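Proteins come first, then strands; the chains are lettered A, B, ... in the order of their sequence lines, and each starts at number 1. Keep in mind the model is a prediction, meaning the values are calculated, not measured.
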Amino acid sequence: MSQFKWKDLTKLKNPNLAFESPLSVLCHIDVNCFYAQVEAIRCGYTKDDPVVCVQWNSIVAVSYAARKYGISRMVTIQEALKKTDKLIPIHTAVFKKGEDFWQYHDGWGPWNPDKDKKLPSSDYKISLDPYRRESRKIFKIFTEYCDLAEKASVDEVFLDIARLCLQSLMGSEQLIPGRENPEIIKPMQAKFKDESYEGNEFLPAVPEELKQLPFIGDVYNPENLPLIEDWDDVLFALGSRIAQELRDEIKQSLGYTTSCGLASTKNVCKLASNFKKPDAQTIIKNSCVNAFLDNGKFEITTFWSLGGILGKELIQILQLPQQGSNRYVREKWPTRDSLRTSLSKAVRDSQSTPSTVIDATRTNEIADKLYDLVRGQYRVAVTPQTIVKSMMANKNMTGQACSGLADCFSWLEVFAGELAGRVHELEQEYDKVIRPRTIHVLIRAKSGDTHSKSGPFIQSGAKINSQDLLKAGAKLIAELDAKFARGKEHSFYPLININMSISNLDVADGRKSVLDMFGNQASVQVRQGKGNVGKDSLASNAHKPPRENWCDECNKTFETSRDFQEHADFHIAVALSEKVNGANGSSGRLTFGEKRLLMRSNTLETPNKRRSKPKSKTAGSSSDIFKYFKKG
DNA sequence: TACTCACAG
DNA sequence: GGCTGTGAGTA
């Protein structure tokens with residue numbers, strides 16, 4: 001007989017409850033050295049090319065080919081180049097000071113002998129937009145396959161694949177290729193469908209034939225136990241096949257290799273996906289989870305959210321060993337209550353070294369969490385993605401890079417363009433209208449003195465606009481300048497940090513107009529006359545079109561690539577809209593490929609919503625903004 | 001609203 | 001160890 005009950009199995013049907021079941025099947029997928037892969041794919045390199053992604057002088061992502069030369073994250077590019085001249089450094093995209101669009105400058109970076117191609121951080125700001133874009137494409141594939149996906153970061157996702165596993169087990173599919181399904185499956189399927197059944201009986205034993213189900217990937221099994229003993233193992237085996245298929249799809253359509261961890265809880269999944277890299281998947285069966293957590297590589301501080309001060313304080317206050325802490329906690333506190341009691345007592349008794357982060361009113365909560373974590377039983381739901389709650393554009397500086405109000409305005413111009421662009425992209429993705437209600441700026445002087453100011457953000461129109469953001473931000477900065485720098489004996493400048501953020505995001509339903517769904521990706525591909533969705537759209541960077549910003553159709557050159565891009569989008573949007581509307585005798589219907597293109601497309605301006613006036617584009621022009629604030 | 005802290009890749 | 005974030009807490 002199984003150790004699980006029917007209701008454990010039927011609970012998996014409900015995405016809101018599945019994570020609580022002991023038969024829960026989750027996975028965590030992590031794109032390997034994400035920034036490096038993005039750059040490698042964009043520039044047409046393969047996995048065997050030693051690409052590194054560079055940010056100023058630092059290497060922020062290292063391809064596996066480059067790791068073979070002993071290059072790791074956070075070494076300087078100068079040091080890395082000493083190790084091998086084969087290295088392929090690619091700098092992130094950047095905004096130039098005073099400009100509101102980003103660009104790649106391939107070949108530029110601190111290693112470039114040309115003085116004008118070194119990308120000094122005093123004149124540029126990093127753009128992470130390309131990674132957010134790729135991230136969205138990847139995430140979209142996950143949500144197409146899986147009914148419950150959580151975006152954990154730009155390169156990570158949690159999936160609840162229980163329904164997909166059930167579909168395999170309880171559908172009509174042949175479970176083991178080339179063999180009849182065991183006889184017991186048919187009646188099980190019937191019972192499974194019976195909604196009135198409460199499910200208090202135990203499941204039958206797993207039939208011998210089913211124990212031959214293969215796993216795809218590496219099963220963590222140091223003691224060589226039988227791979228399949230109960231139904232949780234059956235579901236994991238099916239899940240491993242599903243995870244492989246998902247990852248294959250990501251690889252095939254977008255080119256990215258990933259690492260995956262399968263387990264019953266998010267925390268264990270996360271550790272498992274990190275266990276073997278790159279391009280691998282690790283399965284942690286429930287019967288092996290304690291052995292996995294005790295394998296010598298993990299401590300309680302390895303768990304997500306315990307990596308900082310909280311984890312260290314728990315070790316301190318509970319007097320845990322530096323090594324083998326998971327097992328120690330399991331064995332010393334065999335019941336929930338015993339750990340609750342010990343922790344609350346320990347917090348009370350630690351007056352001499354008072355805890356800075358363990359809230360005395362919440363010790364039970366923390367004790368329960370720890371109790372479950374060390375057993376691989378801390379069950380947290382996979383929560384579907386929510387729209388971000390705030391957005392920040394930030395710039396750190398050294399030296400004299402920001403030594404006055406004019407410099408501040410130049411950076412604000414960058415921030416305003418960046419944030420407006422990001423809001424546009426979000427609107428596109430969700431087909432929503434997003435209005436930030438609050439704007440916030442912060443400056444930090446070399447002394448460490450920090451000042452910030454926030455206020456309501458009121459747009460001039462229906463859609464967010466970088467001019468409005470710039471004005472609102474500049475007003476706040478000017479107030480800070482007047483308050484803290486004007487007429488003071490020692491000036492506040494130079495700054496080491498300045499940032500602007502928007503929050504209180506108001507989200508309303510998007511408009512239904514098809515035209516509103518057009519965007520850069522679609523335009524780029526249509527312009528090229530073909531539709532390879534993934535790589536092309538990024539490689540032919542929409543922000544940096546070829547041939548001098550020249551429009552053949554209008555016989556006209558545009559000053560900046562961004563202006564050109566908007567113009568080009570105009571043509572594309574009109575062309576597609578004519579097709580949809582049946583103009584020029586066309587069918588009036590988009591092909592499946594075009595629809596899919598539009599579904600995946602990113603942003604931005606549409607013909608009737610374009611900015612009336614092109615933006616200023618030189619650093620000097622931003623001083624025009626002074627006219628708004630002559631009076632402080 | 002102003003500011004600080006914790007945590008993560 | 002640099003950079004770029006997100007979110008929570010406090011007064």
Exercise for the section: Return yes if a side-chain donor-acceptor contact under 3.5 Å exists between Asp155(A) and Ser153(A), otherwise no. Expected result: yes
Problem - Lys432(A) and Glu427(A) ion-paired at < 4.0 Å - result: no
Practice task
Calculate the interatomic distance between Asp30(A) atom CG and dA8(B) atom P; express it in whole Å.
Solution key: 15 Å
Practice task
Quick one: label Asn57(A) by what it contacts on the DNA or RNA (base, sugar-phosphate, nothing), any heavy atom closer than 4.0 Å.
Solution key: nothing
Using a 3.5 Å cut-off and no angle test, enumerate the donor-acceptor pairs between side-chain atoms of residues 433-444 of chain A and protein atoms at least two apart in sequence or in another chain.
{"from": "Thr438(A)", "atom 1": "OG1", "to": "Asn504(A)", "atom 2": "ND2", "distance (Å)": "2.9"}
{"from": "His440(A)", "atom 1": "ND1", "to": "Ser454(A)", "atom 2": "OG", "distance (Å)": "3.4"}
{"from": "Arg444(A)", "atom 1": "NH1", "to": "Thr450(A)", "atom 2": "OG1", "distance (Å)": "3.4"}

Handout entry: Sugar-phosphate only, base, or nothing, as touched by Lys312(A) at under 4.0 Å among non-hydrogen atoms
Key = nothing
Exercise for the section: Select base, sugar-phosphate, or nothing to describe what His440(A) touches, counting heavy atoms under 4.0 Å on all strands. Expected result: nothing
Problem - Qualifying ring-ring contact (aromatic ring centres under 6.0 Å, His included) pairs, either residue in residues 50-69 of chain A, two or more places apart - result: Trp56(A)-His91(A)
Completion exercise
Between Arg362(A) and Arg73(A), whichever has its closest DNA chain C nucleotide further toward 5' is Arg73(A)
Exercise for the section: Find the distance Asp155(A):CG to dA8(B):P and express it as a whole number of Å. Expected result: 15 Å
Problem - Between C1' of dA2(B) and CD1 of Ile439(A), the distance in whole Å - result: 16 Å
Problem - Given dC7(B), dG2(C), dC3(B), the nucleotide with the shortest approach to the side chain of Ile309(A) - result: dC7(B)
Practice task
Using whole Å, report how far CZ of Phe158(A) lies from C1' of dG9(B).
Solution key: 13 Å
Handout entry: N/O (side chain, Lys453(A)) to phosphate O (OP1/OP2, dT1(B)) under 4.0 Å
Key = no
Practice task
Indicate, with a heavy-atom threshold strictly under 4.0 Å, whether Leu442(A) touches base, sugar-phosphate, or nothing.
Solution key: nothing
Fill in the blank from the handout: Here the salt bridge (charged side-chain N to carboxylate O under 4.0 Å, His left out) pairs for residues 300-311 of chain A, sequence neighbours left out, are none
Exercise for the section: Could I get the full list of ring-ring contact (aromatic ring centres under 6.0 Å, His included) partners for Phe158(A), not counting sequence neighbours? Expected result: His28(A)
Practice task
Measure from the side-chain heavy atoms of Ser452(A) and tell me the nearest of dG2(C), dC3(B), dT1(B).
Solution key: dC3(B)
If you restrict it to nitrogen or oxygen atoms, what contacts under 3.5 Å exist between nucleotides 3-7 of chain C and the protein, and what is each distance?
{"from": "dC3(C)", "atom 1": "O4'", "to": "Gln55(A)", "atom 2": "NE2", "distance (Å)": "2.8"}
{"from": "dG5(C)", "atom 1": "OP1", "to": "Arg132(A)", "atom 2": "NH2", "distance (Å)": "2.6"}
{"from": "dG5(C)", "atom 1": "OP2", "to": "Lys125(A)", "atom 2": "NZ", "distance (Å)": "3.2"}
{"from": "dT6(C)", "atom 1": "OP1", "to": "Arg422(A)", "atom 2": "NH2", "distance (Å)": "3.3"}
{"from": "dT6(C)", "atom 1": "OP2", "to": "Met392(A)", "atom 2": "N", "distance (Å)": "3.1"}

Problem - Ser153(A) vs dG9(B): side-chain N/O to OP1/OP2 distance below 4.0 Å - result: no
Completion exercise
For residues 364-383 of chain A, the side-chain hydrogen bond (donor to acceptor under 3.5 Å, both in side chains) pairs (sequence neighbours left out) are Glu150(A)-Thr383(A), Ser264(A)-Arg379(A), Ser305(A)-Lys369(A), Arg336(A)-Asp372(A), Arg340(A)-Asp368(A), Gln377(A)-Arg379(A)
Handout entry: Any Ser305(A) side-chain N or O less than 4.0 Å from OP1/OP2 of dC7(B)
Key = no
